[in-house]
Colleague: 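Handing you this structure, nothing more for now.
Side-chain atoms are counted along with the backbone in the values below, which use heavy atoms only and exclude waters and symmetry mates.
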Amino acid sequence: MGLVSLTVALAAVTVALPAPRADLWLPRGIATGNTTVTVQIKHSDAVLDALHQTFVAVSTPGTPSYGEHLSFDELNELVRVPENVAAAATAWCDVHGFACAFVGTGDILRVTGSAVEIGSVLNVELESFEHPTSGARIVRTRGVVYPSAEMSEWADCLMGLNTFPTLTRAANPTTNAAPAITPALLKGETLYNITDVASADSKSSMAVAEFQGQGFLPADLAQFESKFGLPSQPVRKVAGDPSGDKSAGTEAELDIQYIIATGTGVPADFYLQPGQAFDLPGWAAAVLADPASALVWSVSYGEGINGGVGGVIQPAYAKALNIQFEKFGTRGMSVLIASGDSGVYNREPFQLEHFHPSFPACCPAATAVGSTQLTAEGVEDSAVSFSGGGFTPTEYFTRAANASWQSAAVAAYLASTVEFPPQKLWDRDGRGIPDVSTVGVDFTIIASGQAQGVSGTSASTPTFAGIIALVNDKLMAAGKKPLGFLNPFLYGNPGMFRDITKGYNNGGGGLFKKGFYATRGWDPLTGLGTPNYPAMKAAALAAAGL
């Protein structure tokens, strides 16, 4: 009998939303015994006040606890599931004959059973879907999924069964006459002035997270390093799918090559999630289960939080994932996520009745990265129109309650004289994205032995992540702690960024051809701007008391 895997996060809330769309995924019949796929039911642990307070305290420069991150064991103890709750979850599995495993910090439960049996217990019809171009198969329902009444004692919500992942596509090549991006150009004075490499015995570390079969070839990385005069630096560890270093995926090649290009010398890991699922809690659980996880994570994947390709993300799931990211920060880890490549929307087809910012970039406990572009003369002064940005709808997160560190910067933008899109399309009280940006157009990579150019916020994200990993190297070499969750530090030091004041992000056609415009200070195209490495290093050392 075919098996289906599902993820449940422990706690307690039920949310009803309209049934999602299955754009681009083709139905292939009811998921039966001869269909073996993976289903994730992603759910949240209770919003623990102690976790959030610790997360904010250790992440905010100037507080007595800044940098005092919890250890692996301390975090696990803080979020430990009560024995009676764990027993109730285990008993539910036993009653239905499902296999169970607690993962991550122990507050996510993975359940294995047949698709037919799981559908029956949850009162939904599970179908097999196939992607028309990749051939990937997943199991989903077209309805909204709730915890059953017998799960209400221990389950908050179940997710992953009714969203349709957006499979990675090659980023658009450049269409202007600007110089191609190379490691030397990124490191140079005209861009980010990256004057350092990591210490020989660096205590810092960084990683890229890949999904949907995106692997890399070590030979391509070696060729890239040789071509651009970088020191030879193999990947330290391949985790997740053991075949992660056996095939060339454009996204993965881009990510690993450019996180090493800017974070040169910092040990770099590569994680590929097995299968075709875009299982963010599964990835987060794998990271949090590792006492020696990399300190900086770059993620170049996403889907629209409130519409577009992929359906609608339930608020309970979005909040659950944000809690996982708070755990990252509480342990001293940074997570940087691409803000999306369709402006104020998230991939095609568009839903023009409202903007839908990219998830999980819009989680407040992550750092969202947008994109800029160069002029033909190589000057970085403008946003690029595909740079994802906007405001998270307030049913998910509000700026006041969830991202207070950006309140002053965003308030200044909202009080400016810049032209805004029609108010009915966006929520001015939501968490604003992106937080930062780097250039994102025409990066030269090596894939399957051939040079090619790619563009996107997926290029900007590993670029910025490598810079953060290098700053961590300097902090840790001086006996200090890594930066951890970045945003309070970033918003507290706007002077370490080049302000980008030109450009707009695409409104997706139709009546609204332009989304948001760049202006002085923070804006929902480029965030605070692009980094000046020496200034960022100096600010980090100062925040650490050096």
Colleague: How many angstroms lie between NE2 in His69 and CG in Leu295, if you round to the nearest 0.5 Å?
Modeller: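 Atom-to-atom, His69:NE2 and Leu295:CG are 9.0 Å apart.
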
Colleague: Would you say the side-chain atoms of Asp473 pair up with the backbone N or O of Ser199, donor to acceptor, closer than 3.5 Å?
Modeller: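 Yes, because the side chain of Asp473 sits within donor-acceptor range (under 3.5 Å) of the backbone of Ser199.
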
Colleague: May I have all residue pairs that pass salt bridge (charged side-chain N to carboxylate O under 4.0 Å, His left out) and include part of residues 358-387, sequence neighbours excluded?
Modeller: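 For residues 358-387, and leaving out neighbouring residues, the salt bridge (charged side-chain N to carboxylate O under 4.0 Å, His left out) pairs sorted by first residue read Glu380-Arg498, Asp381-Lys502.
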
Colleague: Could you state the interatomic distance from OH (Tyr66) to NZ (Lys481), rounded to the nearest 0.5 Å?
Modeller: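 Between Tyr66 OH and Lys481 NZ, I get 11.5 Å after rounding to 0.5 Å.
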
Colleague: Hey, are the side chains of Thr526 and Asp499 touching, using non-hydrogen atoms and a 4.5 Å cut-off?
Modeller: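 No, side chains not in contact.
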
Colleague: Can you say whether the rings of Phe497 and Phe464 are parallel (under 30°), tilted (30 to 60°) or perpendicular (over 60°)?
Modeller: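 Ring orientation, 0 to 90° scale: parallel.
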
Colleague: Evaluate the salt bridge (charged side-chain N to carboxylate O under 4.0 Å, His left out) criterion for residues Arg331 and Asp290: first the C-alpha distance (whole Å), next the side-chain angles of each, then the deciding distance (0.1 Å), finally the verdict.
Modeller: CA-CA 11 Å; Arg331 266 186 51 189; Asp290 182 359; over 6 Å; no

Colleague: For Lys246, is the NZ atom crowded, meaning more than 12 foreign heavy atoms sit under 6.0 Å from it?
Modeller: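 Yes, the 6.0 Å shell around NZ holds more than 12 heavy atoms from other groups.
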
Colleague: Rounded to the nearest 0.5 Å, how far does CD of Gln324 lie from CH2 of Trp283?
Modeller: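 The CD atom of Gln324 is 10.0 Å from CH2 of Trp283, to the nearest 0.5 Å.
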
Colleague: Answer yes or no: is there a donor N or O on one side and an acceptor on the other, between the side chain of Asp435 and the main chain of Ala368, under 3.5 Å?
Modeller: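 Checking the backbone N and O of Ala368 against the side chain of Asp435, a donor-acceptor pair under 3.5 Å is found.
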
Colleague: Taking distance alone, no hydrogens or angles, what donor-acceptor pairs closer than 3.5 Å link side-chain atoms of residues 532-542 to residues at least two apart or in another chain?
Modeller:
residue : atom : partner : partner atom : Å
Asn532  : OD1  : Ala535  : N            : 3.3
Tyr533  : OH   : Asp196  : OD2          : 2.6
Lys537  : NZ   : Asp196  : OD2          : 2.8

Colleague: Using every non-hydrogen atom in the two residues, find where Leu483 and Asn472 come nearest and quote the distance to one decimal.
Modeller: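 Residues Leu483 and Asn472, closest heavy atoms: N-OD1, 2.8 Å.
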
Colleague: How would you list, by chain and number, every residue that makes a side-chain contact (heavy atoms from CB on, under 4.5 Å) with Arg236, sequence neighbours excluded?
Modeller: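 Arg236 satisfies side-chain contact (heavy atoms from CB on, under 4.5 Å) with Ser205, Pro267, Asp269 once adjacent residues are dropped.
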
Colleague: Ignoring hydrogens, what is the shortest heavy-atom contact between Ala361 and Ala338? Give both atom names and the distance.
Modeller: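 Heavy atoms of Ala361 and Ala338 come nearest at CB-O, 3.3 Å.
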
Colleague: Between His52 and Phe55, how do the two ring planes meet: parallel, tilted or perpendicular, split at 30° and 60°?
Modeller: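 Taking Phe55 first and then His52, their aromatic rings sit tilted (interplane angle of 30° to 60°).
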
Colleague: Working to the nearest 0.5 Å, report the span between CD of Gln214 and CG of Asp241.
Modeller: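 Spacing of CD (Gln214) from CG (Asp241) equals 12.5 Å.
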
Colleague: Considering non-hydrogen atoms only, spot the tightest contact between Phe391 and Gly432 and give its length.
Modeller: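 Closest approach of Phe391 to Gly432: CD2-CA, 4.0 Å.
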
Colleague: State whether the side chain of Ser334 and the backbone N or O of Val296 hold a donor-acceptor pair below 3.5 Å, judged by distance alone.
Modeller: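 It does not hold such a pair.
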
Colleague: Calculate, to the nearest 0.5 Å, the distance between atoms NZ and NZ belonging to Lys480 and Lys203 respectively.
Modeller: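 So the gap between those two atoms works out to 14.0 Å.
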
Colleague: Within the structure provided, determine whether Phe224 and Leu230 are in side-chain contact (heavy-atom separation under 4.5 Å).
Modeller: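 The answer is yes, as the side chains (C-beta and beyond) meet within the 4.5 Å cut-off.
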
Colleague: Between Asn505 (side chain only) and Gly388 (backbone N and O only), is there a donor and an acceptor less than 3.5 Å apart?
Modeller: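 Here the side-chain-to-backbone pair does not exist.
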
Colleague: Side chain of Glu225, backbone of Gln233: donor and acceptor closer than 3.5 Å?
Modeller: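 Side chain of Glu225 to backbone of Gln233: a pair is present.
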
Colleague: If you define the side chain from C-beta out and look only at heavy atoms, does anything of Thr530 sit under 4.5 Å from Val436?
Modeller: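 Side chain of Thr530 against side chain of Val436, heavy atoms only: no contact under 4.5 Å found.
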
Colleague: So, Tyr301 side chain and Ser458 main chain: donor-acceptor pair closer than 3.5 Å or not?
Modeller: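 Pair absent, no side-chain N/O of Tyr301 close to backbone of Ser458.
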
Colleague: Treating Thr461 as the side-chain partner and Thr457 as the backbone partner, does any N or O pair qualify as donor plus acceptor under 3.5 Å?
Modeller: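 A pair under 3.5 Å: yes.
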
Colleague: If we only count heavy atoms from C-beta on, is the Leu221 to Val235 side-chain gap below 4.5 Å?
Modeller: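 In contact.
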
Colleague: Any side-chain heavy atom of Tyr271 sitting closer than 4.5 Å to one from Val238?
Modeller: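 With C-beta onward as the side chain, the pair stays apart.
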
Colleague: Given side chain to side chain donor-acceptor pair (under 3.5 Å), test Asp255 with Ser298 step by step and report yes or no.
Modeller: CA-CA 8 Å; Asp255 289 346; Ser298 175; 5.1 Å; no

Colleague: CG of Asp107 to CG of Leu288: how many Å apart, nearest 0.5 Å?
Modeller: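 It comes to 8.5 Å.
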
Colleague: For Ala366, is there any backbone N or O sitting under 3.5 Å from a side-chain donor or acceptor partner on Asn487?
Modeller: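 Pair found, side chain donor or acceptor close to backbone of Ala366.
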
Colleague: Any donor-acceptor pair under 3.5 Å linking the side chain of Lys187 with the backbone of Ala261?
Modeller: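 Yes, because the side chain of Lys187 sits within donor-acceptor range (under 3.5 Å) of the backbone of Ala261.
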
Colleague: Main chain of Leu470, side chain of Ser204: is a donor-acceptor contact present, judged purely on distance under 3.5 Å?
Modeller: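 Answer holds: no.
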
Colleague: Just checking, is any N or O donor in the side chain of Thr105 or Lys327 under 3.5 Å from an acceptor N or O on the other one?
Modeller: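 Thr105 vs Lys327: donor-acceptor pair found between side chains.
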
Colleague: Mind checking whether Asn506 and Tyr345 have side chains closer than 4.5 Å, heavy atoms only?
Modeller: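 A side-chain contact under 4.5 Å is absent here.
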
Colleague: Is there side-chain contact between Tyr192 and Thr438, with at least one heavy-atom pair below 4.5 Å?
Modeller: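 Yes, at least one pair of side-chain atoms sits under 4.5 Å.
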
Colleague: Determine the minimum heavy-atom distance between Tyr491 and Pro434, stating which atoms define it.
Modeller: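 The answer is OH-O, 4.2 Å.
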
Colleague: Side-chain contact test, heavy atoms from C-beta onward, threshold under 4.5 Å: evaluate it for Met206 versus Ile260 and give yes or no.
Modeller: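 Counting from C-beta outward, Met206 and Ile260 do come under 4.5 Å.
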
